[in-house]
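Data first, discussion second: the structure below is written as structure tokens.
Computed from heavy atoms alone, side chains included, the values below leave out hydrogens, waters and symmetry copies. Protein chains get the first letters and strands the later ones, always in sequence-line order, with residue 1 at the start of each. Everything numeric in this text was worked out from a predicted model, so none of it was measured.
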There are 2 protein chains.
Amino acid sequence: MGSNGERAARGGQQRAETREVVLAAVRLFTEEGYEATTMAGIAETTGVSRRSLFRRFGSKEDVLFAEHDELFETVVRYMEASPEPPLDTVVSAARLVFQGYVRDPEITVPRYRLVRAHDRLRDREVAMTARYQAAFSHHLAEHAGGGRPSLEAEVVAAALIAAHNHVLRGWLRDPEAEGIWERFDRAMGRVRAMAGPLFEGPRGGEGREDRVLVAVYPSGVERAELLRRVASAVDERG
Amino acid sequence: MGSNGERAARGGQQRAETREVVLAAVRLFTEEGYEATTMAGIAETTGVSRRSLFRRFGSKEDVLFAEHDELFETVVRYMEASPEPPLDTVVSAARLVFQGYVRDPEITVPRYRLVRAHDRLRDREVAMTARYQAAFSHHLAEHAGGGRPSLEAEVVAAALIAAHNHVLRGWLRDPEAEGIWERFDRAMGRVRAMAGPLFEGPRGGEGREDRVLVAVYPSGVERAELLRRVASAVDERG
DNA sequence: CGCTGTATGGCATTCAGTGCCAGAATAGAG
DNA sequence: CTCTATTCTGGCACTGAATGCCATACAGCG
């Protein structure tokens, strides 16, 4: 689709304006209703012609998901460039996606409300997560022999996306709640724990990696006692 | 009253005709192309009026996926009636879905080709599998405490669906190949092996079961900070 | 200045999808 | 069998998404 340098300069200007259009559209969708809002209406309130709206976004739905598409491109490029082992890469990619949502609640939160209310939009949202899932399993497959994604790769990608979406939905319902990232990391950790034996040894054992702490304890244990034991366990292993 | 008998007689006739319409539409889609085929065209070749097509199917896409929707209803009703433990039930439900495809290659195979070629249709197909996934995790949640589906339930449902789709795609690419059901059962077995410790583990006993704490943290994190996070995590879950 | 490539806007058209209404088919009651 | 209520169907008109075509405005380059 043409040279990159030109695109960057031009695209920069375009994107600023594009974001304004998206925000205006989101406002119209929530205030007037999605179905009731016409592309002609968006054109009128934004000053951009109806025809140009279709040229930029492709469709009415794509106005809502334009930012999402950009994010997807970013994530794919990140995975291609990442030198880490594939499982670490896709987990980081999932974190990137999550960040893409959390960073931009002005769009993602009202969009979530719209998505919940309209089947068509819900399908579109689901299709996006499916694209991520496909990209993830594809990445896992490429760095584990190439060819078509294996059963394991697809299952791990699906589990990862499901965990991501689980935490994400919680945040979308209550964007003000604290400790999102802790919840996210815990969810990722659990999927890793599940995926590890199935997929491959997730750890290389270098110095800079994440560490995993797993504690199994009877439900009757006191909070203080539990923390004391965890502390000593951490001390033992450095 | 009489709604069942009436419906059965009437519905039976309708469905026979409906199936013919779907088959004719599939033929048109594959021969003339999906976009090039208009609802007016389908109406002409089937003898059913354009208006009635929209009434029966709702949309052009829904002509292709009409059978699929019926299958979904069947699967949901099966799960509601099943007395087996939830994990067994959803696995059986997945088998039911798989059977729904394999039993009717006349529609599912050409549909698969169409789905691969057109983004819109692909989204629709993906939305269907997402509906199954939601139904599965919902079933797992209902029979494990009720309320909103837990992370585990969603991850297991996603993994199950992913495995199902993996085997299904293999069959769709080559419907004549032998040993589909063996492949299906093996895939299900692997997911169960993976899901077992994650899903059934925490659900084992009454009040006395073990709890699992998983923490993932960068190796550079301070001891005190780590313990603080662990403490808050423990507090959140009780 | 002219030339070329590109983004935009206006116009017309196709087609999916919906509301409205009239007519046909059918079930049920007498 | 007849009358009636309900339901299914088809025709008609309309909205709006989406696309193609063409003219215009604006950039860079000689």
Side-chain angles (χ1 to χ4, degrees), chain A residues 1-22 24-25 28-29 32-66 69 114 118-121 123-124 127, chain B residues 1-22 24-25 28-29 32-66 69 114 118-121 123-124 127:
Chain A
M1 297 255 192
S3 80
N4 270 345
E6 244 183 70
R7 271 249 160 168
R10 246 197 184 291
Q13 276 192 355
Q14 258 195 17
R15 280 193 191 156
E17 192 179 342
T18 293
R19 182 175 174 84
E20 290 174 18
V21 173
V22 171
L28 285 178
F29 288 155
E32 316 277 338
Y34 177 74
E35 318 253 322
T37 304
T38 68
M39 288 297 264
I42 302 176
E44 203 175 344
T45 64
T46 58
V48 183
S49 81
R50 191 185 118 94
R51 192 64 184 86
S52 292
L53 288 181
F54 277 108
R55 235 192 291 271
R56 280 199 200 164
F57 299 101
S59 74
K60 187 176 164 185
E61 293 178 4
D62 287 338
V63 179
L64 253 184
F65 293 96
D69 284 340
L114 290 166
H118 301 272
D119 288 355
R120 285 247 167 70
L121 297 179
D123 289 0
R124 190 71 167 63
Chain B
M1 342 237 257
S3 68
N4 259 350
E6 245 183 70
R7 274 249 161 161
R10 236 184 195 301
Q13 277 190 356
Q14 257 194 20
R15 280 194 191 154
E17 192 179 342
T18 293
R19 182 174 175 83
E20 290 173 19
V21 173
V22 171
L28 284 178
F29 289 155
E32 316 277 338
Y34 177 74
E35 319 251 321
T37 305
T38 69
M39 288 296 265
I42 301 176
E44 204 176 345
T45 65
T46 58
V48 183
S49 81
R50 189 184 115 96
R51 191 65 184 84
S52 293
L53 287 181
F54 278 107
R55 235 192 293 270
R56 282 198 199 165
F57 299 101
S59 74
K60 188 176 163 185
E61 293 177 5
D62 287 337
V63 178
L64 253 184
F65 293 95
D69 284 340
L114 290 167
H118 300 272
D119 288 356
R120 284 246 166 71
L121 298 179
D123 289 0
R124 190 69 167 64

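The two residues B:Thr45 and B:Leu28 make their nearest non-hydrogen contact at OG1-CD1, 3.5 Å. Considering every non-hydrogen atom in both A:Val21 and A:Val48, the closest pair reads CG2-CG2, 4.0 Å.
In terms of the side-chain hydrogen bond (donor to acceptor under 3.5 Å, both in side chains) criterion, residue partners of A:Ser52 (sequence neighbours excluded) are, by chain and number, A:Ser49. When the side-chain contact (heavy atoms from CB on, under 4.5 Å) test is applied to A:Arg50, the partners found at least two apart in sequence or on another chain are A:Met39, A:Ala40, A:Ala43, A:Phe54. Qualifying side-chain hydrogen bond (donor to acceptor under 3.5 Å, both in side chains) partners for A:Thr38, counting only residues two or more places apart in sequence or in other chains: none. Here A:Phe29 pairs with A:Tyr34 under the ring pair (Phe, Tyr, Trp, His ring centres under 6.0 Å) rule; sequence neighbours left out. Applying the side-chain hydrogen bond (donor to acceptor under 3.5 Å, both in side chains) criterion to B:Asp62, with sequence neighbours excluded, gives B:Ser59, B:Arg124.
A donor and an acceptor atom never sit less than 3.5 Å apart when one is taken from the side chain of B:Arg51 and the other from the base of C:dG17.
What separates CZ of A:Arg124 from C1' of D:dA17 is a distance of 15 Å, to the nearest Å. Here the C1' atom of nucleotide D:dA17 and the NE2 atom of A:His118 are 16 Å apart, to the nearest Å. A:Glu32 has its CD atom 16 Å from the C1' atom of D:dG16, to the nearest Å. In this structure, B:Lys60 atom NZ and D:dA17 atom C1' are separated by 13 Å, rounded to whole Å. Between B:Phe57 atom CZ and C:dT18 atom P the separation is 15 Å, expressed in whole Å.
The residue among A:Glu35 and B:Leu53 whose nearest nucleotide of DNA chain D lies closer to the 5′ end is B:Leu53. Position along DNA chain D of the nearest nucleotide to A:Arg55 versus A:Tyr34 favours A:Tyr34 as the more 5'-ward residue.
In the set C:dT18, D:dA18, C:dT8, the nucleotide with an atom closest to the side chain of B:Phe54 is C:dT18. Picking from C:dT8, C:dG17, D:dT9 the nucleotide with the shortest atom distance to the side chain of B:Arg56 gives D:dT9.
Remark: A:Thr37, A:Thr38, A:Met39, A:Arg50 in residues 37-50 of chain A come within less than 4.0 Å of DNA chain D through at least one heavy atom.
Distances shorter than 4.0 Å separate none of the side-chain N or O atoms of B:Ser59 from OP1 or OP2 on C:dA16.
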